[in-house]
*Asks:* 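Sending over a structure as structure tokens; questions will come in a sec.
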Number of protein chains: 2
Amino acid sequence: MRAEAQRLFAQHGFAAVSMRQIASAVGVQAGALYNYTTDKQSLLFDLLRSHMEDLLAARETVPEMAPLDALEQFTRFHIRFHLERTEAVFISYMELRNLTPDNFEIIEDLRGQYEDQLETILHRGVEAGVFSVPDPKIATLGLIAMLTGVNTWYRSKGRLSLDQVETIYWDMVRKAVAA
Amino acid sequence: MRAEAQRLFAQHGFAAVSMRQIASAVGVQAGALYNYTTDKQSLLFDLLRSHMEDLLAARETVPEMAPLDALEQFTRFHIRFHLERTEAVFISYMELRNLTPDNFEIIEDLRGQYEDQLETILHRGVEAGVFSVPDPKIATLGLIAMLTGVNTWYRSKGRLSLDQVETIYWDMVRKAVAA
DNA sequence: GTCTATAATCCGATAGAC
DNA sequence: GTCTATCGGATTATAGAC
């Protein structure tokens, strides 16, 4: 059910998808869905929360890694992880406004935890003198926006391989924060 | 009507907003709206098209400008223009999937015209030897994603002025494509 | 645990009075 | 040009049979 809901939400948007459509995609009647979710809202919330928890769980932080290496690892990880889950990423950015305030706050907190990992790398690089970043918080948001933007155009059948894309973006990231 | 529709679409999403809600915000009954739009779809399309046309009309291209100056002008223009129209920008990115295929194609073409302006600047800079960009098309998409991302966090009451934000982003853009 | 049926409400769009 | 009323259908969520 969650897989079909994710697919439909990504394609048409949360508000535009009915419980009947989800049920039809699963192969049951609408009433049966309510054995697996209390309502449509918590179905959306569960998708967003598990996506953010997957993201945090997949990151391997190595505190003793040199800032430049840590930044390259983060860059490549971010691109790869997000390109492998285009539907979940799409929903996680588009449907935030359809969360209740309580649920929104939880998702925003998880997102903040992820952003803090990049910000910490930038701070360490500045302290070490290998990065020049006038405002690490804004640089964090700017770089993540740039990297996540890959999802809007990348197609696996396209002219560039995943590794080529990672390398092109790493080139820009590296230079953007270089001392 | 268009102003209220834009506000409501940005807040709740196209599919979640009813013609009755728009009418109520305007101060008329739902039937009266159909004297100003043929249907809900073309109301959305008109908002997106006029936003893109405003964007293209506001750009002043100066062909003989040095690539570095042209890039700075583009960067500052993009940030300022988009921060002044957060609702239109939001809708233009979120509601593309609610356009009919014909309407979608028109909007995508306008967006392509805008992206081409940045790509041309990058090409000229590479030819002049002042930029090092392995793939100008991808660099264009990456930089625009980074710059547009300002809209997700900037608040005019926040700790940074518009000019400070422009300068921070210009620093990253300049270095990201530097030779 | 899935079904059918239904409650209560809302939707986009139109018709016709004024 | 705005109103009221309405058509035909959609919605979420629940109740109760099996």
Side-chain angles (χ1 to χ4, degrees), chain A residues 1-51 87-88 90-92 94-107, chain B residues 1-51 87-88 90-92 94-107:
Chain A
M1 174 188 63
R2 287 156 50 92
E4 292 297 338
Q6 176 166 283
R7 190 178 59 79
L8 288 167
F9 288 165
Q11 192 172 354
H12 306 291
F14 174 75
V17 174
S18 68
M19 295 298 275
R20 282 175 178 78
Q21 281 176 271
I22 299 168
S24 172
V26 173
V28 298
Q29 293 298 317
L33 294 182
Y34 290 87
N35 290 318
Y36 301 94
T37 185
T38 61
D39 54 20
K40 196 182 168 190
Q41 158 74 206
S42 69
L43 181 53
L44 175 65
F45 175 61
D46 286 347
L47 288 173
L48 266 64
R49 186 181 50 188
S50 59
H51 171 65
E87 288 175 350
F90 196 73
I91 297 171
S92 291
M94 310 284 268
E95 306 297 354
L96 283 172
R97 63 188 163 186
N98 284 310
L99 293 175
T100 62
D102 283 359
N103 288 343
F104 178 80
E105 195 176 351
I106 293 168
I107 300 298
Chain B
M1 176 188 63
R2 287 156 51 92
E4 292 296 338
Q6 176 167 284
R7 191 178 59 79
L8 288 167
F9 289 164
Q11 192 171 357
H12 306 290
F14 174 75
V17 174
S18 68
M19 295 298 277
R20 283 171 177 80
Q21 279 177 272
I22 298 169
S24 173
V26 173
V28 297
Q29 293 298 318
L33 295 182
Y34 289 86
N35 289 318
Y36 301 94
T37 184
T38 61
D39 55 20
K40 196 182 169 192
Q41 160 74 206
S42 69
L43 181 52
L44 174 65
F45 175 61
D46 286 345
L47 288 173
L48 266 62
R49 185 180 52 188
S50 59
H51 170 66
E87 288 174 350
F90 196 74
I91 296 171
S92 292
M94 311 284 268
E95 306 297 355
L96 284 172
R97 63 187 164 186
N98 284 309
L99 293 175
T100 63
D102 283 359
N103 288 343
F104 178 80
E105 196 176 350
I106 292 168
I107 300 298

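Lettering follows sequence order; numbering is per chain, from 1. Basis for what follows: all heavy atoms, side chains included, without hydrogens, waters or symmetry-related copies.
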*Asks:* Within residues 25-34 of chain A, which residues have any heavy atom lying less than 4.0 Å from an atom of DNA chain D?
*Replies:* A:G31, A:Y34

*Asks:* Taking all non-hydrogen atoms of both residues into account, name the closest pair between B:L43 and B:M1 and its distance.
*Replies:*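 Smallest interatomic distance, heavy atoms only, reads CD1-CE, 4.0 Å.
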
*Asks:* Starting at CE of B:M94, measure out to CE of A:M94 and round the result to the nearest 0.5 Å.
*Replies:* 5.0 Å

*Asks:* Would you mind reporting whether A:I91 and A:R7 have side-chain heavy atoms less than 4.5 Å apart?
*Replies:*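 In short, these two side chains do not touch, never coming nearer than 4.5 Å.
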
*Asks:* So does A:Q21 get a backbone contact from the side chain of A:S18, meaning a donor-acceptor N/O pair under 3.5 Å?
*Replies:*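 Judged by distance alone, yes, a pair lies under 3.5 Å.
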
*Asks:* Would you call B:S50 and B:R2 a side-chain contact if the rule is heavy atoms closer than 4.5 Å?
*Replies:* yes

*Asks:* Under the side-chain hydrogen bond (donor to acceptor under 3.5 Å, both in side chains) rule, collect the residues that match up with B:S92, sequence neighbours excluded.
*Replies:*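 If we apply the side-chain hydrogen bond (donor to acceptor under 3.5 Å, both in side chains) test to B:S92, skipping adjacent residues, there are no hits.
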
*Asks:* Drop me the distance from B:L33's CG to B:D39's CG, to the nearest 0.5 angstrom.
*Replies:*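 Going from the CG atom of B:L33 to the CG atom of B:D39 covers 12.0 Å.
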
*Asks:* Would you mind listing every ring pair (Phe, Tyr, Trp, His ring centres under 6.0 Å) that reaches into residues 18-38 of chain B, with sequence neighbours excluded?
*Replies:*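 Residue pairs with at least one partner in residues 18-38 of chain B: there are none.
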
*Asks:* Looking only at heavy atoms, what is the nearest atom pair of A:K40 and A:A15, with distance?
*Replies:* NZ-O, 4.0 Å

*Asks:* For chain B and DNA chain C, what are the first and last nucleotides along the strand, 5' to 3', with at least one atom under 4.0 angstrom from a heavy atom of the protein chain?
*Replies:* C:dC11 to C:dT14

*Asks:* Can you give each donor-acceptor pair under 3.5 Å made by side-chain atoms of residues 95-104 of chain B, sequence neighbours left out, with the distance rounded to 0.1 Å?
*Replies:*
from: B:E95; atom 1: OE1; to: B:N98; atom 2: ND2; distance (Å): 2.7
from: B:E95; atom 1: OE2; to: A:R97; atom 2: NH2; distance (Å): 3.1
from: B:E95; atom 1: OE2; to: B:F14; atom 2: N; distance (Å): 3.0
from: B:R97; atom 1: NH1; to: A:F9; atom 2: O; distance (Å): 3.3
from: B:R97; atom 1: NH1; to: A:A10; atom 2: O; distance (Å): 3.2
from: B:R97; atom 1: NH2; to: A:E95; atom 2: OE2; distance (Å): 3.1
from: B:T100; atom 1: OG1; to: B:N103; atom 2: N; distance (Å): 3.4
from: B:T100; atom 1: OG1; to: B:N103; atom 2: ND2; distance (Å): 3.2
from: B:N103; atom 1: ND2; to: B:Q41; atom 2: OE1; distance (Å): 3.1

*Asks:* For DNA chain D, find the residues of residues 36-46 of chain A with a heavy-atom distance under 4.0 Å and give them by number; none if there aren't any.
*Replies:* A:D39, A:K40

